[in-house]
Engineer: 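My structure is below; once you've seen it, I'll send some questions.
In this chain, numbering begins with 1 at the start of the sequence shown.
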Amino acid sequence: MNKLTKIFALLLVTILSTSSFYAQVTSDYDKTVDFTKYKTYRFEGWQDNSDQLINELDKKRILDSFGAEFSNRNLQYVEQGGDMIVTLYLAIDQKTSQTAYTNYHGGMGYGGGWGYGYGRGYGYGMGMGSATTTYSESVYDVGTFVVDVYDGESKKLVWEGISRKTINENPKRREKTIPKGVKKLMKKFPIPATN
């Protein structure tokens, strides 16, 4: 039974520690808006100068990824005007993760007994064991990325997408993970992709 408990505890810690590395995506939109009327869009820029938190390469990766996703929805980019106005916002928070692992050490004991009659008997015994718990702590950055889409005419917010994800420090991996993250976020957009 102790072995089964240890396996379950290790599995639970593994699930909890790895689940934070996947993007959590949420979105909301104005259900009274007919999104099929939108044909063009423009980027208004980054809110609160939040683009200063990332380098030029990642900014380009983000804008190119959104450009590809809007293009897959038959929306054309324009530099001025636009049926939709898109703004981006990024926040980075430092988080701390703690994990604990308990290693159980087997016990030893002795026992004895004597009996008489039809199954009656007396006995005595003693046993002991020990456990060692190891704690580890890791620090990581979590990025919150917000995309706001406004109606170009009324300037009212019509869609918002939010993605939270652990930031990957490896630039080579970000080249692949940024487009994948944008694609996952844009799956929540009311206009489906054509391919």
Engineer: Would you kindly confirm whether Leu75 and Tyr77 end up in one hydrophobic cluster when ILVMFWY residues are joined by side chain heavy atoms under 4.5 Å apart?
Structural biologist: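 Both belong to a single hydrophobic cluster.
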Engineer: For Tyr38, enumerate each residue passing the ring-ring contact (aromatic ring centres under 6.0 Å, His included) test, keeping only those at least two apart in sequence or located in another chain.
Structural biologist: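 Phe35.
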Engineer: How close do Thr26 and Leu185 get, heavy atom to heavy atom, and via which atoms?
Structural biologist: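 Answer, listing the atom of Thr26 first, then Leu185: O-CD1, 4.4 Å.
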Engineer: Okay, side chain of Thr194, backbone of Asn72: is any donor-acceptor separation there less than 3.5 Å?
Structural biologist: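 Flag set: sc Thr194 to bb Asn72 pair under 3.5 Å.
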Engineer: Would you give the length of the straight line joining atom CE of Met186 to atom OG of Ser163, rounded to the nearest 0.5 angstrom?
Structural biologist: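 Met186 atom CE to Ser163 atom OG measures 12.5 Å (nearest 0.5 Å).
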Engineer: Flag the pair Val142 / Ile92 as yes when at least one side-chain heavy-atom distance between them is below 4.5 Å, and no otherwise.
Structural biologist: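 Answer no - side chains too far apart.
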Engineer: Does Asp34 reach the main-chain N or O of Thr36 with its side chain, forming a donor-acceptor pair under 3.5 Å?
Structural biologist: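 Yes: the side chain of Asp34 pairs with the backbone of Thr36.
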Engineer: In Å, rounded to the nearest 0.5 Å, how long is the span from OG1 of Thr166 to CZ of Arg164?
Structural biologist: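 Here the interatomic distance stands at 12.5 Å.
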Engineer: Run the ring-ring contact (aromatic ring centres under 6.0 Å, His included) test against Trp46 and tell me which residues pass, sequence neighbours left out.
Structural biologist: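 Checked Trp46 against ring-ring contact (aromatic ring centres under 6.0 Å, His included); zero matches.
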Engineer: List in chain and number order the residues that pass salt bridge (Lys or Arg N to Asp or Glu O under 4.0 Å) with Asp93, two or more places apart in sequence or in another chain; answer none if no residue qualifies.
Structural biologist: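 With sequence neighbours excluded, Asp93 shows a salt bridge (Lys or Arg N to Asp or Glu O under 4.0 Å) to no residue whatsoever.
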Engineer: State which residues pass side-chain hydrogen bond (donor to acceptor under 3.5 Å, both in side chains) with Thr144; sequence neighbours excluded, sorted by chain then number.
Structural biologist: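 Here no residue qualifies.
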Engineer: Start with the C-alpha gap between Lys59 and Asp51, add the side-chain angles, then the distance that decides, and say whether salt bridge (charged side-chain N to carboxylate O under 4.0 Å, His left out) holds.
Structural biologist: CA-CA 7 Å; Lys59 275 192 275 191; Asp51 60 323; 3.4 Å; yes
Engineer: Identify, with sequence neighbours excluded, every residue that meets salt bridge (Lys or Arg N to Asp or Glu O under 4.0 Å) alongside Asp148.
Structural biologist: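 Scan of Asp148 (salt bridge (Lys or Arg N to Asp or Glu O under 4.0 Å), adjacent residues dropped) gives none.
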Engineer: For Phe189 and Trp159, take the angle between the two ring planes, folded into 0 to 90°, and tell me which bin it lands in: parallel under 30, tilted 30 to 60, perpendicular over 60.
Structural biologist: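 Ring orientation of Phe189 relative to Trp159: perpendicular.
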Engineer: I'd like to know if the side chain of Ser27 reaches the main chain of Gly161, judged simply by a donor and an acceptor atom lying under 3.5 Å from each other, with no hydrogens or angles considered.
Structural biologist: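 The answer is no, because no donor-acceptor pair under 3.5 Å joins these two groups.
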Engineer: What do you reckon, is CD of Gln47 surrounded by more than 12 foreign heavy atoms closer than 6.0 Å?
Structural biologist: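 It does: Gln47 CD has more than 12 such atoms within range.
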Engineer: Between Arg174 and Asn55, is there a side-chain heavy-atom distance shorter than 4.5 Å?
Structural biologist: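 Asn55 vs Arg174: side chains touch.
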Engineer: Under the salt bridge (Lys or Arg N to Asp or Glu O under 4.0 Å) rule, collect the residues that match up with Glu44, sequence neighbours excluded.
Structural biologist: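 Once residues adjacent in sequence are excluded, the partners of Glu44 under the salt bridge (Lys or Arg N to Asp or Glu O under 4.0 Å) criterion are Arg42.
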Engineer: Would a single hydrophobic cluster contain both Phe43 and Ile62, if residues Ile, Leu, Val, Met, Phe, Trp and Tyr are joined by side-chain heavy-atom contacts under 4.5 Å?
Structural biologist: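 Yes; Phe43 is reachable from Ile62 via cluster members.
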Engineer: List, one per line, each side-chain donor-acceptor pair under 3.5 Å for residues 63-70, sequence neighbours excluded.
Structural biologist:
from	atom 1	to	atom 2	distance (Å)
Asp64	OD2	Lys60	NZ	2.7
Ser65	OG	Arg61	O	2.7
Glu69	OE1	Arg73	NH1	2.9

Engineer: As an exercise, state the distance from CD of Gln76 to CG of Asp83, rounded to the nearest 0.5 Å.
Structural biologist: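 One gets 10.0 Å once the value is rounded to the nearest 0.5 Å.
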Engineer: Starting at CG of Asp58, measure out to CG of Leu90 and round the result to the nearest 0.5 Å.
Structural biologist: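 Spacing of CG (Asp58) from CG (Leu90) equals 9.5 Å.
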Engineer: Apart from Val146 itself, which Ile, Leu, Val, Met, Phe, Trp or Tyr residues share its cluster (side-chain heavy atoms under 4.5 Å, direct or through members)?
Structural biologist: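 For the cluster that includes Val146, the remaining residues are Tyr89, Ile162.
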Engineer: What residues, two or more places apart in sequence or in another chain, satisfy side chain to side chain contact (heavy atoms under 4.5 Å, CB included) together with Asp30?
Structural biologist: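 Result, side chain to side chain contact (heavy atoms under 4.5 Å, CB included) vs Asp30: Thr32, Val33.
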Engineer: What closest approach, in Å, do Val149 and Val86 show between heavy atoms, and which atom pair accounts for it?
Structural biologist: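 For Val149 and Val86, the tightest heavy-atom pair comes out as CG2-CG2, 4.2 Å.
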Engineer: How close do Phe145 and Leu88 get, heavy atom to heavy atom, and via which atoms?
Structural biologist: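 That closest heavy-atom pairing would be CZ-CD2, 3.9 Å.
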Engineer: Would Tyr150 and Met84 show up in the same hydrophobic cluster when neighbours are defined by side-chain heavy atoms closer than 4.5 Å?
Structural biologist: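 Different clusters.
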Engineer: Same cluster or not: are Leu57 and Val182 linked, directly or through other Ile, Leu, Val, Met, Phe, Trp or Tyr residues, by side-chain heavy atoms under 4.5 angstrom apart?
Structural biologist: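 As far as the 4.5 Å side-chain criterion goes, Val182 and Leu57 are not connected within one cluster.
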Engineer: Restricting to non-hydrogen atoms, name the atom on Leu53 and the atom on Ala91 that form the minimum distance, rounded to 0.1 Å.
Structural biologist: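 Smallest interatomic distance, heavy atoms only, reads CD1-CA, 4.3 Å.
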Engineer: Quick one: list whatever passes side-chain hydrogen bond (donor to acceptor under 3.5 Å, both in side chains) with Ser71, sequence neighbours left out.
Structural biologist: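 Ser71 satisfies side-chain hydrogen bond (donor to acceptor under 3.5 Å, both in side chains) with no other residue.
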Engineer: For Lys155, give me all partners under side chain to side chain contact (heavy atoms under 4.5 Å, CB included), at least two apart in sequence or on another chain.
Structural biologist: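 With sequence neighbours excluded, Lys155 shows a side chain to side chain contact (heavy atoms under 4.5 Å, CB included) to Ile85, given in chain and number order.
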Engineer: Using the test salt bridge (Lys or Arg N to Asp or Glu O under 4.0 Å), find all partners of Lys37 that sit at least two apart in sequence or belong to another chain.
Structural biologist: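 Applying salt bridge (Lys or Arg N to Asp or Glu O under 4.0 Å) to Lys37 gives Asp151.
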Engineer: Measure from NZ or CZ of Lys31 to the centre of the six-membered ring of Tyr29, then state whether that distance is under 6.0 Å and the direction lies within 45° of the axis.
Structural biologist: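 Positive - Lys31 is close enough to the ring of Tyr29 and near enough to its axis.
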